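Worksheet: the structure to be examined is printed underneath.
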There are 2 protein chains.
Amino acid sequence: MYDVHMSSRKPIAPTRATLSRERVSLAAIRLADESGLEALNMRALAQDLGVVPMALYKHVANKEKLLDEMIDAIVREIEPLEESSDWKSALRHRILSARQALLRHSWAPHLIESRTSASPEVLDYMDSLVGIFIQAGFSLDLTHHAMHALGSRMWGFIQEVFPTPTPPTDPELLAAMFAQWSVRYPNIIEMASAAQQSCDDQFEFEFALDLLLDGLERMHLSGWSSTPKDRSENPQLESAVRGKRKKKR
Amino acid sequence: MYDVHMSSRKPIAPTRATLSRERVSLAAIRLADESGLEALNMRALAQDLGVVPMALYKHVANKEKLLDEMIDAIVREIEPLEESSDWKSALRHRILSARQALLRHSWAPHLIESRTSASPEVLDYMDSLVGIFIQAGFSLDLTHHAMHALGSRMWGFIQEVFPTPTPPTDPELLAAMFAQWSVRYPNIIEMASAAQQSCDDQFEFEFALDLLLDGLERMHLSGWSSTPKDRSENPQLESAVRGKRKKKR
DNA sequence: ACCTGAACACCGTTCAAGT
DNA sequence: ACCTGAACACCGTTCAAGT
């Protein structure tokens with residue numbers, strides 16, 4: 001226990017320093033890292049800091065602002081831009097670095113999805129990605145589409161909608177489930193039977209990232225431009241452009 | 001008001017029929033459509049149905065199960081598979097149809113993201129997509145990667161992380177914000193200046209979808225196979241394969 | 001078999017007061 | 001200036017009872 005009577009001077013390394021906005025958000029990150037986002041509530045956070053819940057509200061406006069702070073802390077973990085490399089390597093490096101930061105905080109994807117506005121730190125990062133495309137000579141139009149195509153992937157994650165269920169450990173149950181699924185979901189079972197080793201998330205992430213970057217490179221080199229005339233000469237996006245035309249009419 | 005003394009027989013079209021699982025989930029969808037997901041709580045839902053909150057629990061196990069029901073109702077809105085068309089058209093049709101269903105229910109993306117398991121209806125839909133790839137002769141391995149690369153796009157949405165803020169209507173405020181952003185986020189401003197007309201979500205969705213489908217087609221035609229030897233002969237995914245190799249070693 | 005009323009546990013937050 | 005204690009509003013859900 002900390003002995004308050006020990007000295008009237010401030011301890012050199014106080015274990016219970018006065019609160020600050022940074023101390024609160026760091027504690028929130030630690031709590032989420034250890035116990036998950038659902039365990040992060042103002043009462044538990046206050047207890048971790050040895051303080052009464054309402055003490056937090058002198059340093060963060062409300063819980064939403066606190067969650068924004070947590071995102072900013074993660075964005076600061078992303079490695080800075082490598083000026084020297086070519087656009088594709090620079091993008092890959094930045095995005096895979098963002099992914100590393102996110103992997104250290106498993107709650108981050110869900111939190112990012114729930115945010116309704118971007119902080120200055122977030123916009124700084126996005127601005128740097130836009131800059132990579134523009135500096136590489138991408139048209140502003142293609143740059144815009146590229147950013148949309150990346151979506152959450154620019155933050156190093158793709159939402160795994162409807163995660164594949166973990167198969168039961170009991171071999172008897174497993175066999176029963178396999179038999180049942182083979183009848184109702186034959187294609188899924190056939191596909192799964194090919195992936196003997198468990199699915200490698202990092203590989204799947206880079207596979208799709210490269211699929212997008214390679215496609216964007218091809219469009220850029222084949223002279224994608226912002227004028228509709230040039231667009232229609234590009235056979236790759238014929239159908240998408242057709243859709244836009246129809247809507248404009 | 002409904003007159004209960006009017007007749008002892010059941011009314012032909014009862015306005016206050018007895019509850020059922022379907023009636024509850026339909027009311028939940030209507031409430032979410034009209035007032036948003038955050039307005040959907042058991043008390044409000046019960047009031048809409050003219051019943052006390054606890055009456056709902058005889059028909060749905062809990063709120064989570066109710067949310068699962070709502071997803072299933074949407075999945076049933078997706079148009080069935082067109083057997084005759086080629087794989088790319090079939091996929092586009094199915095996915096754009098899923099998108100239409102989702103656009104009718106703006107709360108659906110957030111709800112889909114939050115689900116932790118897939119219902120049989122959900123698996124049926126995913127199985128049909130896997131089947132399209134396999135029937136087109138895609139290797140099981142490439143099919144697997146393709147499904148991951150599609151991600152949430154197979155449900156007709158991409159998560160718009162950090163949505164772009166709506167610019168202020170007051171021209172003076174707008175000018176001030178523009179000046180500020182031009183200094184700190186020059187690339188974003190430059191990119192945005194090219195997109196005069198407001199951003200077309202449908203176009204961006206189809207742009208990225210076609211980028212992925214075209215890339216997958218190219219890999220399929222160039223003989224992507226599941227053996228590592230063949231993989232390294234495909235120059236397009238050199239870096240991703242390199243990453244996987246390193247991990248395996 | 002189905003619905004009701006009261007109550008509990010939990011959580012974000014306001015308010016008036018303490019030092 | 002910073003922290004505290006009690007309380008309020010809100011929400012999912014349990015429980016024992018009603019018909």
Side-chain angles (χ1 to χ4, degrees), chain A residues 1-2 4-5 8-11 14-29 31-32 34-71 107 110-111 114-116, chain B residues 1-2 4-5 8-11 14-29 31-32 34-71 107 110-111 114-116:
Chain A
M1 287 294 146
Y2 184 70
V4 289
H5 305 293
S8 61
R9 281 169 295 168
K10 277 185 185 172
T15 50
R16 279 287 170 265
T18 53
L19 256 42
S20 69
R21 203 165 48 111
E22 200 192 354
R23 258 176 60 79
V24 171
S25 68
L26 283 179
I29 288 174
L31 181 56
E34 287 171 5
S35 313
L37 204 55
E38 71 285 351
L40 171 61
N41 63 64
M42 301 306 269
R43 281 169 170 86
L45 182 58
Q47 193 166 15
D48 271 20
L49 286 163
V51 101
V52 92
M54 274 316 298
L56 304 175
Y57 284 85
K58 286 288 154 188
H59 302 96
V60 291
N62 50 39
K63 192 180 179 182
E64 287 297 297
K65 290 284 183 186
L66 174 61
L67 298 178
D68 284 340
E69 287 278 335
M70 294 169 69
I71 297 289
W107 41 269
H110 247 104
L111 198 52
S114 74
R115 295 301 83 198
T116 54
Chain B
M1 287 294 147
Y2 183 70
V4 288
H5 305 294
S8 64
R9 279 170 296 167
K10 278 185 184 172
T15 50
R16 280 285 170 266
T18 54
L19 257 42
S20 69
R21 203 166 48 112
E22 199 192 353
R23 259 176 58 81
V24 171
S25 68
L26 283 179
I29 288 174
L31 181 55
E34 288 171 5
S35 314
L37 205 55
E38 71 284 352
L40 172 61
N41 64 63
M42 302 305 269
R43 282 170 169 86
L45 181 58
Q47 194 166 13
D48 270 20
L49 286 163
V51 101
V52 91
M54 273 317 297
L56 305 175
Y57 284 85
K58 285 289 154 191
H59 301 95
V60 291
N62 51 40
K63 192 180 180 182
E64 287 297 296
K65 290 284 183 186
L66 173 62
L67 298 178
D68 284 339
E69 286 279 334
M70 292 168 70
I71 297 290
W107 42 267
H110 246 103
L111 196 53
S114 74
R115 295 302 82 198
T116 54

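What you see is a predicted model; the values in this text were computed from it and never measured. In what follows, every chain begins at residue 1, and chains take the letters A, B, ... in the order their sequences are listed. All values below come from the heavy atoms of this structure, side chains included, with hydrogens, waters and symmetry mates left out.
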query: So how far is it from B:Ile71 CD1 to B:Leu111 CG, rounded to the nearest 0.5 Å?
result: 4.0 Å
task: Please map the stems of DNA chain D, keeping only stretches of three or more Watson-Crick or G-U wobble pairs with both distances under 3.5 angstrom.
output: C:4-8 with D:12-16, C:12-16 with D:4-8
- request: Kindly indicate whether the side chain of B:Arg23, heavy atoms from C-beta on, has any atom under 4.5 Å from the side chain of B:Leu26.
  value: no
- line: Value for CD (A:Glu69) from CD1 (A:Ile29), rounded to nearest 0.5 Å, stands at 9.0 Å
- prompt: Could you state the CZ-C1' distance from B:Arg23 to C:dC2, rounded to the nearest angstrom?
  reply: 14 Å
Distance, rounded to the nearest Å, where A:Leu67 contributes CG and C:dG12 contributes C1': 12 Å
message: Heavy atoms within less than 4.0 Å of DNA chain C: which residues of residues 53-64 of chain A have one? Give them sorted by number.
response: A:Met54, A:Tyr57, A:Asn62, A:Lys63
- prompt: Are any non-hydrogen side-chain atoms of B:Met54 and B:Met42 less than 4.5 angstrom apart?
  reply: no
- request: Using whole Å, report how far CG of B:Leu66 lies from C1' of D:dT13.
  value: 14 Å
query: Where the side chain of A:Val52 is concerned, which of D:dG5, D:dT13, C:dC11 is the nearest nucleotide?
result: D:dG5
query: Quick one: OG1 on B:Thr116 to CG on B:Asp68, what's the gap to the nearest 0.5 Å?
result: 7.5 Å
- line: Separation of C:dA6 atom C1' from B:Arg43 atom CZ, nearest Å, is 11 Å
- request: Any chance you could measure B:Leu56, atom CG, to B:Asn62, atom CG, to the nearest 0.5 Å?
  value: 12.0 Å
query: Rounded to whole angstroms, how far apart are CE on A:Met42 and P on D:dA9?
result: 20 Å
message: Measuring only between side-chain heavy atoms, which start at C-beta, is B:Met70 closer than 4.5 Å to B:Leu40?
response: yes
task: Whole angstrom is fine here: how far is it from CD in B:Gln47 over to P in C:dT4?
output: 13 Å
- request: Please tell me if the side chains of A:Ser25 and A:Leu66 come closer than 4.5 Å, counting only heavy atoms from C-beta onward.
  value: yes
